[in-house]
Amino acid sequence: MLSISKLLKKTGHQIFLNILTVLGVSICWSLFIVPAIFLLPIQWAIVFLILTFIPSTTAAYAVMHHVLEGKKYKFGMFLMSFVRYYRRAFLLGLVYSLAVLIPLSEWWYYFTINHSYFIFIFSVFQTYLCLTFLATQVYAIPMLVLKDCKMLAAMNQSIKEFMGHTWYTIGLFIQILCITVLISFTVIGFFLLFIGMLAVFVLNATRNLELDKKKETIIEKSRIEQTV
């Protein structure tokens, strides 16, 4: 299995080779993000993001998967992928939204209404649980794209991968958070590059697990043949 550092190098090389697609995908994705950030009131922005954020992210993953497979990008592919995966991605987005809104609401309650020590501890604990859950779902979107499975099947598979490769997944999750924070400081870079770069990185990390399984299968078969 490739280490996270080697995955980053591989991802950087693939991003360089497919930079125009990364730009195009990121721009298409940004068209769904810009209204929520700059145009809509906070209440409508939250609703809009719940409706479109994960579906548009899944569409970006689907397009980058198509390109990384050596196939040509076709005009309108992002929109077609958005429509194709919308229902499954929307349901997944609802689960993600709860995992984000629950700790945010708890911290809002602590800072604005009740400053008690108990609420602070409860907020920290809730945040830890929600972050852990989100870490177990790192592979859910890639599984929707790579295996074209249902939402619950993708979530279950992601949990299985987390349990089987816990530290690898935690390292990947931390890298995702770091990349997100760092690129967010450059607003233009965030809208032009972020989701395309992230999709390539996470897809590579997910494929890395599949390659590791294939190697284990080959080794197991060779052992069985030797014993026979």
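Given the structure is predicted, the values throughout are model-derived calculations rather than measurements.
Under the 3.5 Å distance criterion, the side-chain polar atoms of R88 are left unmatched by any main-chain donor or acceptor of P55. Side-chain atoms of S26 come within 3.5 Å of backbone N or O of G196 as a donor-acceptor pair.
Looking only at side-chain heavy atoms (C-beta outward), F32 and F82 come within less than 4.5 Å of each other. At a threshold of 4.5 Å between non-hydrogen side-chain atoms, the residues V202 and T206 count as touching. Counting heavy atoms from C-beta outward, F90 and T52 have side chains that stay 4.5 Å or more apart. When side chains are defined from C-beta on, F173 does not count as touching T132, because their heavy atoms never get closer than 4.5 Å. Using a 4.5 Å heavy-atom threshold, the side chains of I15 and F201 count as separate. Annotation: side chain of F53 is in contact with side chain of W29 (closest heavy-atom distance under 4.5 Å). Side-chain atoms of W107 and V124, non-hydrogen and from C-beta on, do get closer than 4.5 Å to each other. Under the 4.5 Å side-chain criterion, counting only non-hydrogen atoms from C-beta, T58 is not in contact with L92.
Within a 6.0 Å radius of CZ in F120, no more than 12 heavy atoms belonging to other residues, nucleotides or ligands are found. The number of heavy atoms from other shown groups lying within 6.0 Å of CD1 (I188) does not exceed 12.
For the 3.5 Å distance criterion, the side chains of Y73 and N18 fail to qualify, holding no donor opposite an acceptor. Side chain to side chain, T169 and Y139 meet the donor-acceptor criterion of an N or O pair below 3.5 Å.
Distance OG/S184 to CD1/I179: 11.0 Å, rounded to 0.5 Å. Expressed to the nearest 0.5 Å, how far CD of E161 lies from OG1 of T166 amounts to 11.0 Å. In this structure, OG on S158 lies 9.5 Å from CG on L209, to the nearest 0.5 angstrom. One finds the CD atom of E106 at 10.0 Å from the SG atom of C130 (value rounded to the nearest 0.5 Å). Rounded to the nearest 0.5 Å, atoms CG (L91) and OH (Y96) are 12.5 Å apart. How far NZ of K150 is from CZ of R87: 8.5 Å, rounded to the nearest 0.5 Å.
Considering every non-hydrogen atom in both A153 and C149, the closest pair reads CB-CB, 4.1 Å.
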For this session: Might you work through the side-chain contact (heavy atoms from CB on, under 4.5 Å) test for F78 and S56, ending with a clear yes or no?
Result: CA-CA 8 Å; F78 185 94; S56 61; 4.2 Å; yes
For this session: Could you please spell out the steps behind the side-chain contact (heavy atoms from CB on, under 4.5 Å) verdict for V138 and F162?
Result: CA-CA 8 Å; V138 166; F162 174 82; over 6 Å; no
Problem set entry | Step-by-step side-chain contact (heavy atoms from CB on, under 4.5 Å) determination, N204 to N208 | CA-CA 6 Å; N204 282 333; N208 196 27; over 6 Å; no
For this session: Check the pair L198 / Y61 against side-chain contact (heavy atoms from CB on, under 4.5 Å), numbers first and verdict last.
Result: CA-CA 9 Å; L198 185 66; Y61 274 66; 4.0 Å; yes
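Taking hydrophobic clusters as Ile, Leu, Val, Met, Phe, Trp and Tyr residues chained together by side-chain heavy-atom distances below 4.5 Å, L94 shares a cluster with F133. When the side chains of ILVMFWY residues are joined at heavy-atom separations under 4.5 Å, either directly or via intervening members, F38 and L51 end up in a single hydrophobic cluster. Cluster membership for V47 and L31, using ILVMFWY side-chain heavy atoms within less than 4.5 angstrom, is not shared.
Of the residues listed (L182, L177, I176), the one engaging T180 in a side chain to side chain contact (heavy atoms under 4.5 Å, CB included) is I176, and it is the only one. Among L192, I183, T11, the one residue that satisfies the side chain to side chain contact (heavy atoms under 4.5 Å, CB included) test with M197 is I183.
The salt bridge (Lys or Arg N to Asp or Glu O under 4.0 Å) contacts involving residues 69-82 comprise E69-R207, where partners must be two or more places apart or lie in separate chains.
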